[in-house]
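Right, one structure below, let's go through it.
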Amino acid sequence: MQDFFSSFATSALPVPSDMTRARIGMERFLEATQPDEALNRFATEFASHNQGQLLLDGVFGNSPFLTQCMIREPGILLKLVETGPNAYLKEVLDQVKGLPQRELDEAGLMRELRIAKRRVAVTTALCDLTGIWSLPQVTGALSDLADFSLDACISHVLRRLHASGEITLSHPDDACRDSGFVILAMGKHGSRELNYSSDIDLIVLYDLARLNPTDPEAIRQSCVRATRDIMRLMESRTADGYVFRTDLRLRPDPGATPLAMSVGAAETYYESLGQNWERAAMIKARPAAGDKALGQDFLAHIKPFIWRKHLDFAAINDIHSIKRQINAHRGSRQIAVNEHDIKIGRGGIREIEFFAQTQQLIWGGRLPALRLRRTCETIEALNQVGQVSDTALRDMVASYHYLRKLEHRLQMIDDKQTQKLPKSDEDVDNIARFMGYQSPEDFRTDLLEHLGRVESHYARLFEDEPDLGGGGSLVFTGMEDDPDTVVTLQNMGFREASRVSGIIRAWHHGRYRATRSERARQILTELMPQILTSLADTANPDEAFINFDTFLSGLPAGVQLFSMFNANPKLLNLVAELMGNAPRLSRQLARRPELLDSMITPGFLKAELSPENLNLALGTVLSEAADYQDVLDGTRRWSNDTKFKVGVQLLDGTLNGETVGPILSSLAETLLCHLVPRVEQEFAESHGVIPGGGLAIIAFGKLGGGELLPGSDLDLVYIYDGGQEEASDGEKALMPTVYNIRLCQRIGTAVTSQTGEGRLYDIDNRLRPAGNAGALATQLQGFESYYDLANGGDAWTWEHMALTRARAVYGPDHLCQHLQDAIHRLLIQKRDANRILIDVAAMRERIARQYPGNSLWSIKYQPGGLVDIEFTAQTLQLIHAHKHPEVLSPNTARALEKMHKAGLISAVDFKRLREALGLWRCLQAVLRLTVDKDFDETRAPLGQKQALMRAARADSFNHLKEMVQETADAAREVFERLILSPAAQAADGQEE
């Protein structure tokens, strides 16, 4: 016993943070030894010794986990002291190594492994707390246990596969040898630096040829099942605890690959898709269990992936692209002790490891002496070749040992995989005592000195590198979310930051064609902060990101695009704006990435979209159509491309809400004029034509007024004439009424149906005579008589109002002219002005009840909004057209202008209404592009608000709100004075 006490200094022992807990632990420990007289005598003597009591108090007063282990198996302490730590460790590990020869059942194997884990846990803890073992001895003992435990588990599952006839082992008595099944240890396990409660990071590989399977196809699933069994044997919790938690997420592309991979598949992955961080991870890779010769062969094969043969600028940039993802803090902020993560926090263990690994990757290809796994050995080797100063070597090694010691103390408390210091001062003080400090303040001082030194040396790696952190950490390496990165993304405006981080890691795994090349991923890494910043400054950052992801997934390659983004940030900003601020456009671009080609062509934002050019362009497209389906697809593809171009120009400010109306209306007319004849032709193949017949289309609403906006539907009414009695001349002859109704149904289907290229428009036919109660196709004479006041027409006032915006857009010239003349004649009928006013006021009241328009951004329905202005124009046209036919126009703006010229609206009223109309159109156009639902100014990000400000030419968003309110108030005052007040007076007069 005295030899044991003389092997450590009392000053190194932990100070109990809870003496009550220490006394209770001591009592329970001694009580547990009573059934064994010799053990009880030893324990009593050990506890009565000054050093023994200090050690046990330090254990029982700080670690509930170790207390429980020693109470459960108090004999561990006796064996450790009598045999000596090194000899006892060897005895325990030899027992684990011998497990494959004992042919235990599964329950027996699990029990033996867990007992061994408890014994090694107590031994390493006591040797660590007393300082008997160095850090390499402590971590080496834990790593050896992991290796031998895995070997035992592999032997167990391989023998079971052999017994079932699925494989044939080359050496049944030594199952792992030449088995074709190997486990690579990664991370700290690979470098034999496991921490006290560490997970073990593994990659499981197999070689079909060495496995000798009876069914080569089925063995793949067998290997996956075997891997799951090994994980279960290792990490399942039983009454005896667990062995090690396992983590297989460092395998190639874990989101898309099985738990166990063939060696060939893994080699192919690293040679073609391996990432920078995976190169760093593979530095520590080591065959730990199973067919170690297979593992050595595999690592030798991928050595060129890890270690570049020639150090050139491309290789340096490749490594720097990793470095620049980490936000290197340069001491500008104070490091807090409470809740600091000593692994991934500033100045922590990860920075020391990264300090070594990045320099290994840069120089290891030329200097084989740097191809080491252990962190401190690597830093020493870097010092020997002149890459690390003596000061940095001394500081980094000392801090590494200190932080690893602290890491072990944090984990010894409750056997939890944690590296974060507690939140409260009291709990931090307890950690200080467990570290052996009499004064918690001394602990805080020492810890901050170590963290500061590490941070300082680590930051020097970045002195000559541009900061790509964007004001925070943006790390997308490894398989887990970097906590600081999640915070950065949240601060940027991404609500689902973890989802964003995971998708970006998938990009770097090369799952998309655009990110499969190493060069593409490198440029993407450089661009990432800019991409995220651009997407964050949009109406909906999360939706923008998902749209961008969909867009990226459809690209055939990425280097050219990423290079263009790199050279032309404005293009990236424009794409980001589409993704986040223009849902319709972003969906189009995501579905058809080739649209990006048009965006980068000269003059894209200045392309002339005149009716003549639109007609010529669509004619060219349809000239190549081979059949009717080609026509449907071709019109949709061309329409969507053109709408996309218009939308981008609108979003960019090249077009606005007023200039876009005529273009989109011409686009719709062009489509109808090219598509409907082909529908008629296709229909005639079965049903022929009506001799002397003709079909025309009247556009109402925004299309009638030439005021279409993005997303507008088409208000269409079908009118036919001729062939009153005679059936069509086709094989399947139809009478005129049925013929025209079915033809119009076919036209509606051709316009609205969804094909692989999308749809053209939604159609609203409810403005036809009698609305939904009327026939889809209306005979010419019936149309005219419906609105004819002199002959008792059935049209309501609101239908006459709608007629003010009617315009023939398709049909035989003579029929279209007849319709235009008829519409004009019907509108200039003399009407009862009072009746019109009363009906309009009542109609506006009903609309207000259904759509209150309470929001400032309810452009259409708010008091003084579009409805009020359009009602004013339509009402005044109906009242005055019989004396002033010149005021008629389906376009609201032109109608107001004509009424002003005719003296029916004062200059002041015209100015108010016209300015309001222009503002509403401009804002509504932007809202149609940027908002799928209602606009919420409290949640709208800057990008969306700026688009609205740009459309209204407002200096600020508050200025815009003032403009909207003042404009609405002014327009409402005119509407009330010209329409509502006279309507009220007329109603009063009727009552009298």
Looking only at heavy atoms, what is the nearest atom pair of R245 and Q417, with distance?
-> NH2-CB, 3.4 Å

Are N430 and D18 close enough, and set up right, to give a side-chain contact (heavy atoms from CB on, under 4.5 Å), and what steps lead you there?
-> CA-CA 8 Å; N430 290 339; D18 187 331; over 6 Å; no

Does the side chain of W363 come within less than 4.5 Å of V385's, by heavy atoms?
-> no

Quick one: pull up CG in L56 and OG in S48 and give me the separation to the nearest 0.5 Å.
-> 10.5 Å

Can you tell if the side chain of F29 reaches within under 4.5 Å of the side chain of V59, non-hydrogen atoms only?
-> no

Flag side-chain contact, heavy atom, 4.5 Å: T418 against I413 = no

Considering only heavy atoms from C-beta outward, does the side chain of F4 approach that of Q51 to under 4.5 Å?
-> no

Look up atom CG in L447 and atom NE2 in H340, then write down how far apart they are to the nearest 0.5 Å.
-> 7.0 Å

Starting from the C-alpha separation in whole Å, work towards a yes-or-no answer on side-chain contact (heavy atoms from CB on, under 4.5 Å) for L393 and E380.
-> CA-CA 6 Å; L393 168 63; E380 291 170 359; 3.6 Å; yes

State, yes or no, whether a side-chain contact exists between I431 and L406 at a heavy-atom distance under 4.5 Å.
-> yes

Minimal heavy-atom distance between A152 and L99, with the atoms involved, is CB-CB, 4.1 Å

Test side-chain contact (heavy atoms from CB on, under 4.5 Å) on K284 and M186 and set out the steps.
-> CA-CA 6 Å; K284 295 180 179 292; M186 306 293 291; over 6 Å; no

Test side chain to side chain donor-acceptor pair (under 3.5 Å) applied to N338 and D425, step by step | CA-CA 7 Å; N338 295 35; D425 290 339; 2.8 Å; yes

Should the pair F5 and F8 be assigned to parallel (<30°), tilted (30 to 60°) or perpendicular (>60°) ring geometry?
-> perpendicular

Evaluate the criterion side-chain contact (heavy atoms from CB on, under 4.5 Å) for residue pair D57 and M19; output intermediate values, then yes/no.
-> CA-CA 7 Å; D57 282 346; M19 280 306 303; 4.2 Å; yes

Qualifying residues under side chain to side chain donor-acceptor pair (under 3.5 Å), relative to S399, sequence neighbours excluded | H450

Hey, are D341 and R350 close enough for a salt bridge, meaning a charged N less than 4.0 Å from a carboxylate O?
-> no

What heavy-atom pair brings A381 and A369 nearest, and what distance separates the two atoms?
-> CB-O, 3.9 Å

Return yes when atom CD of E426 has more than 12 non-hydrogen atoms of other residues, nucleotides or ligands closer than 6.0 Å, and no otherwise.
-> no

Which pair of non-hydrogen atoms, one from V122 and one from I76, has the smallest distance, and what is that distance?
-> CG1-CG2, 3.7 Å

Should we say atom CZ of R499 is surrounded by more than 12 heavy atoms from elsewhere, each under 6.0 Å from it?
-> no

Identify the residue among H408, E407, K343 that makes a side chain to side chain donor-acceptor pair (under 3.5 Å) with N195.
-> E407

Between R404 and D128, is there a salt bridge with N-O shorter than 4.0 Å?
-> no

Taking side chain as C-beta onward, heavy atoms only, is V428 less than 4.5 Å from P440?
-> no

R460 versus H457, side-chain donor and acceptor atoms under 3.5 Å | yes

When the ring planes of Y458 and F354 are compared, do they come out parallel, tilted or perpendicular, using 30° and 60° as the limits?
-> perpendicular

Will you find, in the side chains of H189 and D199, an N or O donor that is under 3.5 Å from an N or O acceptor?
-> no

Drop me the distance from R286's CZ to R373's CZ, to the nearest 0.5 angstrom.
-> 7.0 Å

Salt-bridge test for E73 and R119: reply yes if a basic N is under 4.0 Å from a carboxylate O, no otherwise.
-> yes

With the threshold set at 4.0 Å, does a side-chain nitrogen-carboxylate oxygen contact exist between R72 and D240?
-> yes

Heavy-atom closest pair, residues F244 and S198 = CD2-O, 3.7 Å

In Å, rounded to the nearest 0.5 Å, how long is the span from OG of S439 to CZ of R433?
-> 9.5 Å

Give the minimum heavy-atom separation between L489 and L532, together with the two atoms involved.
-> CD2-CD1, 3.8 Å

Looking at side-chain heavy atoms only, is the closest gap between M412 and N62 below 4.5 Å?
-> no

Does atom CZ of R28 have more than 12 heavy-atom neighbours, drawn from other residues, nucleotides or ligands, at distances under 6.0 Å?
-> no

At what distance, to the nearest 0.5 angstrom, does NZ of K97 lie from CG of D144?
-> 8.0 Å

From T445, D429, D446, D442, residue fulfilling side chain to side chain donor-acceptor pair (under 3.5 Å) relative to Y437 | D446

So, do R371 and Q360 sit near enough that their side-chain heavy atoms are less than 4.5 Å apart?
-> no

State plainly whether the residues K188 and D201 are in salt-bridge range, i.e. N to O under 4.0 Å.
-> no

